[in-house]
Amino acid sequence: MSQLHPALQPVYAEVLHRNQGELEFHQAVHEVLESLSPVVEKRPEYVEASIIERICEPERQIIFRVPWVDDQGTVRINRGFRVEFNSALGPYKGGLRFHPSVYLGIVKFLGFEQIFKNALTGMPIGGGKGGSDFDPKGRSEGEIMRFCQSFMTELYRHLGEYTDVPAGDTGVGGREIGYLFGQYKRITNRYESGVLTGKGITWGGSRARTEATGYGTVFFVDEMLRARGSSFDGKRVVVSGSGNVAIYAVQKVHQLGGTVVAVSDSGGYVVDEAGIDLDLLREVKEVRRERVSEYAELRGNGARHIAGGSIWDVPCDVALPCATQNELPEEAARTLVANGVQVVAEGANMPTTPGAVALLRQAGVLFAPGKAANAGGVATSALEMQQNASRDRWTFEHTEERLADIMAGIHLQCVTTADEYGVPGDYVAGANISGFCQVADAMLAMGVI
Ligand code: NDP
């Protein structure tokens with residue numbers, strides 16, 4: 001990790017001291033602080049008002065017990081979290097993750113990133129994140145429903161369309177949002193559509209929200225390529241993961257003329273030189289809720305499944321990590337560079353380790369951080385809130401057009417901010433500085449709160 005500006009070193013030391021053992025949170029904070037040296041020089045008022053220290057401390061952290069009964073009648077206990085990180089720009093906004101790896105450090109890293117991502121969208125939303133160490137894999141419909149109902153029975157008191165508006169993330173899709181919304185409605189006796197996003201289309205959801213994160217990531221890369229006189233046409237693309245973000249990234253790459261030749265899950269990866277068959281992938285993952293190994297078996301055109309191993313061994317022009325944090329380490333980055341990768345863009349949150357990011361940038365690979373590249377999901381969540389507030393429903397085409405405009409706007413902000421702060425072409429610095437300054441200005445205006 002590189003050295004921080006002297007004014008930022010004590011801030012980081014305090015973060016380490018206060019949040020011991022929360023490695024992912026440390027990593028996310030360090031990455032933002034690394035970008036802020038030119039800001040400290042240019043805007044001393046932020047330092048004087050301790051804005052950076054305040055941004056690193058969540059406004060509120062909620063931890064709660066989630067008891068539920070499994071199909072055998074055994075009582076199970078999980079832990080629930082909601083970190084309401086920053087509300088300078090609007091109500092806390094950010095997804096819920098259900099995965100056994102979830103603990104406070106993961107929720108805080110995600111919530112911290114969300115503050116700046118949400119600012120970049122230009123929508124009036126603050127940053128938050130939540131979830132549970134509940135593992136939905138292998139659980140029945142009834143178990144998932146009972147878990148979601150118990151989770152919401154505690155969480156509801158902290159939510160509200162002007163307070164905190166969760167959405168989905170890993171392990172929380174349309175089904176879970178349905179159970180969560182149903183329980184919120186039942187407990188509060190209010191049909192408060194704007195309290196959760198990612199809802200079904202017939203009950204307040206936005207068209208194109210399901211597709212938004214994957215589509216948005218690809219729109220962002222398209223902007224990067226277009227700025228250099230290139231396009232997706234004829235490009236070989238590798239997408240890690242095979243969940244919500246990955247599936248719709250695959251779809252948009254194919255619509256723009258590229259070919260996705262590999263996808264993965266935590267058990268391994270599939271290489272399909274003819275191009276991933278999206279209908280089959282969706283059938284396997286969304287309908288059957290099966291592994292990608294089954295895709296290779298059903299495809300039967302020479303597509304092969306490699307158990308374990310690294311999907312980044314597959315040569316490509318564009319790599320889109322869309323699975324999970326720290327899934328693209330330094331060795332993988334070295335292999336990608338050796339195989340001639342031109343662009344790496346993060347569909348997932350913090351999938352590339354700091355060493356890998358440094359290596360890619362040294363090699364001249366275009367690199368888009370998740371804060372910018374995967375902001376399309378939360379931006380479309382904000383569009384869902386807008387439709388809910390005005391009791392309106394937009395067409396798919398209109399919503400997708402708004403998404404494309406927002407992604408183009410984020411790209412432009414990253415480029416112009418990086419230029420303004422003397423780091424041209426650095427999308428990481430551009431995204432961090434632009435997001436940070438918007439939140440910092442609002443906090444300065446509101447005084448010490
Ligand atoms: P899903 O749960 O829908 O999918 C996650 C996918 O990643 C699954 O295919 C999962 O496989 C795979 N995966 C998990 N861990 C690994 C691993 N170690 N190696 C390889 N594959 C792995 O989640 P989403 O698609 O919603 O989210 C993916 C990422 O995108 C997360 O980082 C999330 O925070 C981020 N994100 C999501 C947004 C959204 O709108 N959904 C918005 C912005 C960011 P398996 O089934 O085997 O676990």
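Order of listing sets the numbers, starting from 1, for every ligand and every atom in it. Remember, it's a predicted structure, so these values are computed and weren't measured experimentally.
Between Glu294 and Arg291 there is no salt bridge, since no side-chain N of the basic residue sits under 4.0 Å from a carboxylate O of the acidic one. The pair Glu113-Lys117 does not count as a salt bridge, with every side-chain nitrogen at least 4.0 angstrom from each carboxylate oxygen.
Of all protein heavy atoms, the one closest to atom 16 (C) of ligand 1 is Thr324 CG2, 3.7 Å. Nearest to atom 39 (C) of ligand 1 among the protein's heavy atoms is Thr213 OG1, 3.4 Å. Nearest protein heavy-atom neighbour of atom 3 (O) of ligand 1: Asn244 N, 2.9 Å. Annotation: atom 37 (C) of ligand 1 to nearest protein heavy atom, Val245 CG2, 3.5 Å. Of the protein's heavy atoms, Asn349 ND2, 3.5 Å lies nearest to atom 44 (C) of ligand 1.
The shortest N/O to N/O separation between Lys129 and ligand 1 does not fall below 3.5 Å. The shortest N or O to N or O distance between Asn374 and ligand 1 is not under 3.5 Å. Checking only distances, Lys117 never comes within under 3.5 Å of ligand 1, N or O to N or O. Inclusion of Gly171 in the set of residues having an N or O under 3.5 Å from an N or O of ligand 1 is warranted. Residue-to-ligand polar distances keep Lys285 apart from ligand 1: every N/O pair is separated by 3.5 Å or more.
In this pair, Tyr215 and Phe396 present their aromatic rings perpendicular. The plane angle is above 60°, beyond the 30 to 60° band. Ring geometry for Phe151 versus Phe64: interplanar angle of 30 to 60°, hence tilted.
For Arg209, every heavy-atom contact with ligand 1 shorter than 4.0 Å involves the side chain, none the backbone. The proximity of Glu327 to ligand 1, defined as any non-hydrogen pair under 4.0 Å, does not occur for either the backbone or the side chain. Residue contacts with ligand 1 for Cys322 involve N, CA, C or O but no side-chain atom from C-beta outward (heavy atoms, distance under 4.0 Å). Heavy atoms from both the backbone and the side chain of Asp265 come within less than 4.0 Å of ligand 1. With a 4.0 Å heavy-atom cut-off, ligand 1 is reached by the side chain of Lys137 but not by its N, CA, C or O.
Side-chain contact check for Tyr295 and His305: no donor-acceptor pair (N or O, by modelled atom type) lies under 3.5 Å. A donor atom on one side chain and an acceptor atom on the other are not found under 3.5 Å apart for Ser132 and Asn78. For the 3.5 Å distance criterion, the side chains of Thr153 and Gln183 qualify, holding a donor opposite an acceptor. Judged by distance alone, the side chains of Lys252 and Thr217 never bring a donor and an acceptor atom under 3.5 Å apart. A donor-acceptor pair shorter than 3.5 Å can be found between the side chains of Ser434 and Gln413.
Counting heavy-atom neighbours within 6.0 Å of Arg79 CZ, excluding the residue itself, gives a total of 12 or less. Few gaps surround CZ on Arg157; more than 12 heavy atoms of other groups in view lie less than 6.0 Å from it.
Contact detail for Ser242 and Val292: the closest heavy-atom pair is OG-CG1, 3.4 Å.
Using a 4.0 Å cutoff on heavy atoms, His99 does not count as a contact of ligand 1. Gln325 does not count as a contact of ligand 1, since none of its heavy atoms falls under 4.0 Å from the ligand. Using a 4.0 Å cutoff on heavy atoms, Gly168 does not count as a contact of ligand 1.
Ligand-side atoms of ligand 1 in range of Thr170: 2 (O), 23 (O), 26 (O), 27 (O), 28 (C), 31 (C), 33 (C), range being under 4.0 angstrom from any heavy atom.
Of the candidates Gly241, Ala323, Gly243, it is Ala323 that places a heavy atom closest to atom 28 (C) of ligand 1.
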